[in-house]
J.: 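One structure, as structure tokens, below. Some questions next.
What you see below is based on every heavy atom in this structure, not just the backbone, and it leaves out hydrogens, waters and symmetry mates.
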Amino acid sequence: MDRVIGIDLGTTNSCVAIVEGGIPKVIPNKGGYKTTPSIVAISDSGRRLVGQMAKRQAITNARHTVYAAKRLIGRKWGSPAVLHSLETCPYQIVEGPHDDVRIKLRDKAYSLPEISSIILQEMKLIAEEYIGEEVTQAVVTVPAYFNDGQRQATKDAGRVSGLDVLRIINEPTAAALAYGYGRDDLEARVAIYDLGGGTFDISVLEVHDAVFDVLSTGGDTFLGGEDFDARIIEWLVYEFAAENEVDLRHDDMALQRMKDAAEKAKCELSAVKDTEINLPFIYTKDDGEALHLQRTLVRDKLEELVEDLIQRTLKICDQTLQEAGLSVDDVDEVILVGGMTRMPRVQHCVQEFFGREPSKNVHPDEVVALGAAIQGHALMDEESDVLLLDVTPHNLGIGVYGGGFQVLIEKNSTVPTARSHIFTTVKDNQTSVKIIVLQGEGKQAKDNDLLGEFILHGLRQAPAGEVEVEITFEISADGIVSVSARDLETNLEQSITVTATSGLTEDEIEAMIEENEEYMVQVKHSEEMENQRANVRRTIRQVEKLMPTVQQVMENSTLGKDALRKAQDALERAKEALEGRNMEHLISTGEALNRTFAVFQGIVQRMQ
């Protein structure tokens with residue numbers, strides 16, 4: 001059976017997991033950590049940095065280090081989220097050629113799927129190193145409230161990284177899969193409260209007989225830990241300005257230092273009542289005077305700063321329950337997912353809202369990746385009894401005369417599904433109708449996302465309202481939307497399969513895939529080079545360690561002196577090869593030195 005990995009592509013951290021012997025397991029990275037920072041940077045030398053390496057140099061290279069890219073993926077230029085990021089992010093956000101968003105690092109503008117592909121590729125490499133073979137298939141998670149464009153952008157990121165994304169599944173649903181996996185006797189209505197680094201989701205599911213049936217889902221794709229950090233940064237900026245009459249928001253390095261300090265303080269305040277934020281030499285005045293930032297942040301103050309953000313999540317919870325026709329009393333279990341749920345105030349508010357203590361049976365940082373791995377395993381295992389019934393997170397419909405939005409498939413409808421509706425012509429002698437396919441919750445067409453459009457020609461000329469056209473929407477289990485329009489009188493039909501766009505053309509994606517493959521060849525060559533260097537260094541140490549002992553035996557004979565001279569030459573050539581970039585030379589000198597080491601070992605053994 002092919003190996004399928006599960007990837008939680010997070011705003012702050014990403015995680016990869018696999019099912020082995022029926023047991024889902026998170027795969028640690030080279031540093032031994034089970035999560036990897038979702039950060040990408042380009043260094044001064046043009047080197048690509050990912051994860052912890054990118055995070056370590058973020059302060060000194062803030063302009064060319066990207067974090068929280070997931071908050072911008074699949075968004076249109078000029079959207080509120082993009083405008084907010086333009087004001088708060090130190091890296092350069094620019095408009096792309098297709099009304100999309102790009103990030104300029106050094107001299108290149110990267111698309112958001114391209115940035116995400118670099119993180120996905122890192123997850124792929126982590127998995128391949130653990131498994132010992134190439135991985136080509138994955139299930140990737142996204143926030144439940146992502147629209148079609150954001151989901152397609154995530155799929156494109158997977159393609160560019162070299163992964164065939166078998167399924168995109170919602171993060172809360174993945175968490176529920178992990179929570180209920182192996183518990184065949186579990187029958188419960190479960191609420192998944194998922195507050196991560198950049199997004200918030202709430203999903204309510206019914207779990208019974210290994211069937212995971214999503215009843216309703218809601219969320220906010222621009223509400224998470226990043227916003228909590230921003231509140232602390234705002235407080236620091238205000239306090240510093242009040243004392244020194246200096247606005248630190250215009251200093252990229254100062255902003256990045258405050259961001260790191262804010263994140264650290266927020267995490268510490270989950271365990272202690274107060275913490276010290278100390279940033280010496282945060283700013284230098286024109287006269288050369290150095291200014292320092294030093295503040296004590298107490299837990300009560302942090303809770304005051306972010307209380308409205310927490311209340312926003314609870315309003316979404318209330319609305320989601322109402323849409324499912326449920327009350328809090330109908331929920332049997334509440335599961336906390338995402339790093340922000342470690343905050344005591346968040347836990348208290350969730351407990352107060354649902355009237356029960358949330359379950360602590362899952363790891364908030366790892367459970368989503370585990371669920372993705374379980375879904376991947378179920379897709380490949382014909383004997384798996386895991387069945388996932390998900391829902392569409394947004395209304396789907398068409399634009400109608402007068403600028404309105406007619407919903408055909410309501411949000412929270414279980415997929416796959418199909419709906420039909422009969423419309424009539426609105427003008428006399430109308431011979432065609434334009435079908436504008438939309439997604440969203442706005443009452444007006446202009447307030448929703450355009451998914452596609454097509455025209456049904458050849459209608460009979462007749463007075464307005466006389467010709468009837470049936471519009472049918474279908475959504476597959478993979479979330480593919482198909483729309484057809486049929487003239488009920490003539491059975492003439494026109495249809496389209498709606499393919500969401502990530503803002504990238506097929507040519508751009510192919511070019512990125514090719515560039516990525518070239519980069520991977522370089523990475524693998526570099527890794528082989530480093531492994532070879534490590535082997536040669538080890539052999540040099542071994543030969544040098546034995547040299548004094550061997551010299552005592554061999555230097556008294558002409559033959560021995562000649563052998564010692566050859567051994568010294570082999571050592572020198574190996575050391576020179578270490579300084580170069582020629583792989584063949586390094587291998588040949590290493591092999592020569594290995595032969596010398598074998599001879600030395602034989603001499604020492606005979607002496608013993």
J.: Between Lys108 and Glu515, does any NZ, NE, NH1 or NH2 come within less than 4.0 Å of an OD or OE carboxylate oxygen?
T.: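 Yes.
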
J.: Ignoring hydrogens, what is the shortest heavy-atom contact between Leu177 and Leu388? Give both atom names and the distance.
T.: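 Minimum heavy-atom contact is CD1-CD2, 4.3 Å.
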
J.: Is Lys315 positioned over the aromatic face of Phe353, cation under 6.0 angstrom from the ring centre and no more than 45 degrees off axis?
T.: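 Lys315 over Phe353 ring: no.
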
J.: Within the 4.5 Å heavy-atom criterion, are Ile118 and Arg48 side-chain neighbours or not?
T.: yes

J.: Are Asp449 and Arg75 ion-paired here, with the side-chain N under 4.0 Å from a carboxylate O?
T.: no

J.: Would you say the side-chain atoms of Asn244 pair up with the backbone N or O of Phe240, donor to acceptor, closer than 3.5 Å?
T.: yes

J.: Could you pull out the closest heavy-atom pair between Asn61 and Ile42, with the gap in Å?
T.: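 Answer, listing the atom of Asn61 first, then Ile42: ND2-O, 3.1 Å.
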
J.: Do side-chain atoms of Ser117 reach the backbone of Glu114 as a donor and acceptor pair under 3.5 angstrom?
T.: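 Yes; judged by distance alone, with no hydrogens or angles, the pair exists.
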
J.: Can a salt bridge be assigned to the pair Lys34 and Asp365 using a cut-off of 4.0 Å between side-chain N and carboxylate O?
T.: no

J.: Nearest 0.5 angstrom please: Leu105 CG to Ile115 CD1, how far?
T.: 5.0 Å

J.: Under the side chain to side chain donor-acceptor pair (under 3.5 Å) rule, what do Gln256 and Asp252 come out as? Steps first, then yes or no, please.
T.: CA-CA 6 Å; Gln256 189 62 45; Asp252 290 342; over 6 Å; no

J.: Give me the atom names and distance for the closest heavy-atom approach of Pro37 to Lys55.
T.: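 Looks like CG-CD, 4.1 Å.
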
J.: Ignoring hydrogens, what is the shortest heavy-atom contact between Gly440 and His394? Give both atom names and the distance.
T.: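 Result for this residue pair: N-CB, 4.2 Å.
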
J.: With a 4.5 Å cut-off on side-chain heavy atoms, are Ile7 and Leu163 touching?
T.: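 The answer is yes; the side chains approach within 4.5 Å.
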
J.: If you apply the rule salt bridge (Lys or Arg N to Asp or Glu O under 4.0 Å), what do you find for Glu95 with Arg102, and how did you get there?
T.: CA-CA 6 Å; Glu95 185 176 2; Arg102 307 272 166 127; over 6 Å; no

J.: How far apart are the C-alpha atoms of Glu333 and Tyr179, what are their side-chain angles, what is the distance that settles it, and do they pass the side chain to side chain donor-acceptor pair (under 3.5 Å) test?
T.: CA-CA 11 Å; Glu333 291 271 10; Tyr179 174 73; 3.2 Å; yes

J.: As an exercise, state the distance from OG of Ser38 to CG of Asn13, rounded to the nearest 0.5 Å.
T.: 6.0 Å

J.: If we ignore hydrogens and angles and just use 3.5 Å, is the side chain of Asp447 paired with the main-chain N or O of Lys443 as donor and acceptor?
T.: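 Between the backbone of Lys443 and the side chain of Asp447 there is no qualifying donor-acceptor contact (under 3.5 Å).
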
J.: For Tyr145 and Asp220: C-alpha separation, side-chain torsions, deciding distance, then whether side-chain contact (heavy atoms from CB on, under 4.5 Å) applies.
T.: CA-CA 7 Å; Tyr145 223 55; Asp220 187 331; over 6 Å; no

J.: Answer yes or no: is there a donor N or O on one side and an acceptor on the other, between the side chain of Gln347 and the main chain of Thr341, under 3.5 Å?
T.: yes

J.: Are any of the side-chain nitrogens in Glu263 or Lys266 under 4.0 Å away from the carboxylate oxygens of its partner?
T.: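 Not counted as a salt bridge, because no side-chain N and carboxylate O are separated by less than 4.0 Å.
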
J.: State the CD-NZ distance between Glu268 and Lys273, to the nearest 0.5 angstrom.
T.: 15.0 Å

J.: Shortest non-hydrogen contact from Leu396 to Phe405?
T.: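 Answer, listing the atom of Leu396 first, then Phe405: C-CZ, 4.1 Å.
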
J.: Between the main-chain N or O of Thr320 and the side-chain N or O of Ser216, is there a donor-acceptor pair closer than 3.5 Å?
T.: yes

J.: Just checking Tyr91 against His64, ring centres under 6.0 Å apart?
T.: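 Centroid distance Tyr91-His64: not below 6.0 Å, so no.
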
J.: With the side chain counted from C-beta on, respond yes when Ile335 and Tyr193 share a heavy-atom pair under 4.5 Å apart, and no when they do not.
T.: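 Counting from C-beta outward, Ile335 and Tyr193 never come under 4.5 Å.
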
J.: Tell me if a side-chain donor or acceptor on Asn147 pairs with a main-chain N or O of Gln150 at a distance below 3.5 Å.
T.: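 Yes: the side chain of Asn147 pairs with the backbone of Gln150.
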
J.: Which value, rounded to the nearest 0.5 Å, describes the distance between Asp148 atom CG and Gln439 atom CD?
T.: 4.5 Å

J.: Report the C-alpha distance between Asn170 and Arg151 in whole Å, list the side-chain angles of each, state the deciding distance to 0.1 Å, and finish with yes or no for side chain to side chain donor-acceptor pair (under 3.5 Å).
T.: CA-CA 10 Å; Asn170 296 331; Arg151 291 168 191 268; 2.9 Å; yes

J.: Run the salt-bridge test on Arg295 and Glu243 with the 4.0 Å N-O cut-off and return the result as yes or no.
T.: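 Salt bridge between Arg295 and Glu243, a charged N being under 4.0 Å from a carboxylate O: yes.
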
J.: Compare all side-chain heavy atoms of Val101 with those of Lys76 and state whether any distance is below 4.5 angstrom.
T.: no

J.: Any side-chain heavy atom of Arg63 within less than 4.5 Å of one from Pro90?
T.: no

J.: Might you work through the side-chain contact (heavy atoms from CB on, under 4.5 Å) test for Leu236 and Ile232, ending with a clear yes or no?
T.: CA-CA 6 Å; Leu236 291 173; Ile232 300 173; 4.3 Å; yes

J.: Let me confirm one number: the CG-OG1 distance from Leu72 to Thr11, rounded to the nearest 0.5 Å.
T.: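 Separation between the atoms: 10.0 Å.
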
J.: Taking atom CG as the centre, does Asp107 end up with more than 12 heavy-atom neighbours from other residues, nucleotides or ligands that are less than 6.0 angstrom away?
T.: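 Open: at most 12 neighbouring heavy atoms sit under 6.0 Å from CG of Asp107.
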
J.: Given Val334 and Ser359, is the side-chain contact (heavy atoms from CB on, under 4.5 Å) satisfied, shown in steps?
T.: CA-CA 6 Å; Val334 181; Ser359 171; over 6 Å; no

J.: Ignoring hydrogens and geometry, is there a side-chain-to-backbone donor-acceptor pair from Asn412 to Thr217 under 3.5 Å?
T.: yes

J.: Say whether, by atom type as modelled, one donor and one acceptor occur between the side chain of Asp8 and the main chain of Val368 under 3.5 angstrom.
T.: no

J.: Short question: side chain of Asp229, backbone of Asp227 - any donor-acceptor pair under 3.5 Å?
T.: no

J.: Could you tell me whether the side chain of Leu223 reaches within less than 4.5 Å of the side chain of Thr199, counting heavy atoms only?
T.: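 When only atoms from C-beta onward are counted, Leu223 and Thr199 do not touch, as no gap falls below 4.5 Å.
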
J.: Would you call Arg249-Glu234 a salt bridge at under 4.0 Å N-O?
T.: no

J.: With a 6.0 Å cut-off on the ring centroids, do Phe222 and Phe200 count as close?
T.: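 No, the ring of Phe222 stays outside the 6.0 Å limit from the ring of Phe200, centre to centre.
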
J.: Checking the side chain of Arg106 only, and the main-chain atoms of Ser43 only, is there a donor and an acceptor separated by less than 3.5 Å?
T.: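 Yes; judged by distance alone, with no hydrogens or angles, the pair exists.
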
J.: Kindly compute the distance separating CD (Glu122) from OG1 (Thr36), expressed to the nearest 0.5 Å.
T.: 6.5 Å

J.: Stepwise, does the side-chain contact (heavy atoms from CB on, under 4.5 Å) test hold for Ile436 with Leu450?
T.: CA-CA 7 Å; Ile436 300 173; Leu450 174 67; 3.5 Å; yes

J.: Can you tell if the side chain of Leu291 reaches within under 4.5 Å of the side chain of Lys285, non-hydrogen atoms only?
T.: yes

J.: For Asp287, does the CG atom have more than 12 heavy-atom neighbours from other residues, nucleotides or ligands under 6.0 Å away?
T.: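 Result for CG/Asp287: enclosed.
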
J.: Flag the pair Glu171 and Lys70 as a salt bridge only when some basic side-chain nitrogen lies within less than 4.0 angstrom of an acidic carboxylate oxygen.
T.: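 Lys70 and Glu171: salt-bridged.
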
J.: Could you tell me which non-hydrogen atom of Ser161 sits nearest to which non-hydrogen atom of Gln121, and how far apart they are?
T.: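 Taking every non-hydrogen atom into account, CB-N, 3.8 Å.
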
J.: Between Leu112 and Asp100, is there a side-chain heavy-atom distance shorter than 4.5 Å?
T.: no

